[in-house]
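Reviewing the structure listed below.
Hydrogens, waters and symmetry mates play no part in the numbers below; they use all other heavy atoms, side chains included. What you see is a predicted model; the values in this text were computed from it and never measured. Letters go in sequence order (proteins before strands), and every chain restarts at 1.
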Amino acid sequence: MNRGWSREEVAVRAARELRDGYYVNLGIGQPTRVADHVPAGIDVVVHSENGVLGIGPTPSRQLEDPDLINAGTELVTALPGASFVSSSDSFAMIRGGHIDLSILGAMQVSSSGDLANWAVPGVAVKGIGGAMDLAVGARRVIVVMDHLARDGSVKLVESCTLPLTGRGVVDQVITNLGVFDIAQEGFVLTELAPGITVEDVQVSTGAAVTVRFPETPVRGCRVAVSESCER
Amino acid sequence: MDKTFDDASAAVADLPDGASIAVGGFGTAGVPWALVRAVREGGATGLTMVTNNCGVNGAGLALLLQSGRIDRVIASYIGSNKEFARQYLAGEIEVELTPQGTLAERLRAGGAGIAAFYTATGVGTMVADGGVPLRFGPGGETLEVSPAKEVRRFERHGRQQEFVLEEAITTDYSFVRASIADRHGNAVFHASARNFNPDVAMAGRITVVEAEQVVDVGVLDPDSVHLPGIFVQRVVEAREVVQ
């Protein structure tokens, strides 16, 4: 089966959910890469829960500062307009509903928007980190992830079998196969990756999928790095 | 008033066995390396550490774990810290996993004299419902899990929502890493090295600040002080960075 979007293309697609003026938190790993694809003309402030508001790109060697890192402990820069805060203030921004959008990774997402991404009992405990605060605190939560787990098991499920990070918190999921809203009726497929069919999605999803493409489809628009696409 | 000590070892010489210590730092930024090293070189054991990630592979608090001096950890993240994960899963230490924002606020609340607070973080998860493994047995079986906590509904911005009661944390000692401190303990942090440091500073009965540079009182502009000296009992100069 065609794999659909690459991980980078998923990050590009997620970046199209950014709106001008957003304060946005990007999770560790793939979500962090969304910052590399902010569409032209859109101004967002990237927050990192370790206490940086206004994260900029990876520094050149001369500008590296070991005290200036993101939550994934990667070296970053601070853009004009940035501020540094304590952990309690940083999480006041998150919990207090001041972050417009949080983009997170996940192990499982349920059709009612439950999120599981911190532990696999008996196998691995990554720890909770900031994920539980972001899940309930951010105004909007988007999950970016591979559609299937490495072992081929489904990650979009009726109900999560892994310990929850948050209950009913996810608004949208973007995978290599397409884009899904979490709505009253569960997963609503709104967009397919190129070469992917609705059946491809259905066989790879552990819950019912409603198909509802928007009237002005984004489907015809090829997602490509550094290519902007108007809805 | 002069809170300075000659070196890190002198500043933690009275640390008893079984003490609780809140430690600042996130990854390798803002970690009080010299104080952690001084504890390793001293004799104290059976310690409880309150820390975001309990060191990184082969450095900081991970070395204190390795030398078997820690009994209990309150932390938010394990990630790729192999020794931390190993000791937790092997039942060598007790770990209370706490959401990161809840951990920061529990420390801040402890230092601010607030006994407990309600937060939406963790509602509908094991954090509120109970069941997060605290201690594993040698065969990997779960011996003890976190208890269920009180959940209450409150209105916020006109919306009814569930919140879970989380208790504050206070500690016997707190270790802080600052960029500059004066002899009163007023401290300035640099960039994301601030992280948990102001929060742990408030929660400790004896808060020790190690600063890259210690200056005389009056050098720091009051407008630029991030951590007021009232939260600090001891100050040491330590140029040491990641070991």
Please determine, among [options], the option with the most heavy-atom pairs under 4.5 Å with chain A.
| options | result |
| --- | --- |
| B:Arg106, B:Glu105, B:His157, B:Arg156 | B:Arg156 |
| B:Ser179, B:Gly101, B:Ala109, B:Gly140 | B:Gly101 |
| B:Gly27, B:Gly79, B:Ala29, B:Pro99 | B:Pro99 |
| B:Arg108, B:His226, B:His190 | B:His190 |

Using heavy-atom distances under 4.5 Å, tell me whether [X] contacts chain B through its side chain, its backbone, both, or neither.
| X | answer |
| --- | --- |
| A:Val85 | backbone |
| A:Val125 | both |
| A:Thr165 | backbone |
| A:Leu68 | both |
| A:Asn70 | backbone |
| A:Ser86 | both |
| A:Leu134 | neither |
| A:Ala131 | neither |

Q: Report the C-alpha distance between B:Ser76 and B:Asn52 in whole Å, list the side-chain angles of each, state the deciding distance to 0.1 Å, and finish with yes or no for side-chain hydrogen bond (donor to acceptor under 3.5 Å, both in side chains).
A: CA-CA 5 Å; B:Ser76 94; B:Asn52 181 60; 2.7 Å; yes

Contacting moiety of [X], where chain A heavy atoms sit under 4.5 Å:
| X | answer |
| --- | --- |
| B:Ser80 | neither |
| B:Asn195 | both |
| B:Phe189 | neither |

Over all atoms of both residues, closest heavy-atom pair of [X] and [Y]:
| X | Y | answer |
| --- | --- | --- |
| A:Ala11 | A:His37 | CB-CD2, 4.0 Å |
| B:Leu65 | B:Gln87 | O-NE2, 2.8 Å |
| A:Ser48 | A:Ile55 | CB-CD1, 3.5 Å |

Q. Can you check side-chain contact (heavy atoms from CB on, under 4.5 Å) on A:Thr161 and A:Gln108, steps first, answer last?
A. CA-CA 8 Å; A:Thr161 53; A:Gln108 291 179 333; 2.9 Å; yes

Max heavy-atom pair count under 4.5 Å with chain B, selected residue of [options]:
| options | answer |
| --- | --- |
| A:Asp65, A:Ile28, A:Asp67, A:Leu164 | A:Asp67 |
| A:Gly51, A:Ser88, A:Gly127 | A:Ser88 |
| A:Ile128, A:Ile69, A:Asp133 | A:Asp133 |

Q. Does the gap between the ring centers of B:Phe26 and B:Phe196 come in under 6.0 Å?
A. no

[X] atom [atom1], over 12 foreign heavy atoms within 6.0 Å:
| X | atom1 | value |
| --- | --- | --- |
| B:Arg153 | CZ | yes |
| B:Arg205 | CZ | no |
| A:Glu185 | CD | yes |
| B:Ile230 | CD1 | no |
| A:Gln184 | CD | no |

With a 4.5 Å cut-off on side-chain heavy atoms, are [Y] and [X] touching?
| X | Y | answer |
| --- | --- | --- |
| A:Val157 | A:Val109 | no |
| B:Ile21 | B:Thr171 | no |
| B:Val232 | B:Ser174 | no |

**Q.** Parallel, tilted or perpendicular: rings of A:Phe180 and A:His147 (30°, 60°)
**A.**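 Judged by the thresholds at 30° and 60°, the geometry between A:His147 and A:Phe180 is tilted.
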
Q) Among residues 116-133 of chain B, which ones touch chain A with a heavy-atom distance under 4.5 Å? A)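 At a heavy-atom separation under 4.5 Å, chain A is reached by B:Thr119, B:Ala120, B:Thr121, B:Gly122, B:Val123, B:Gly124, B:Thr125, B:Met126, B:Val127, B:Val132.
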
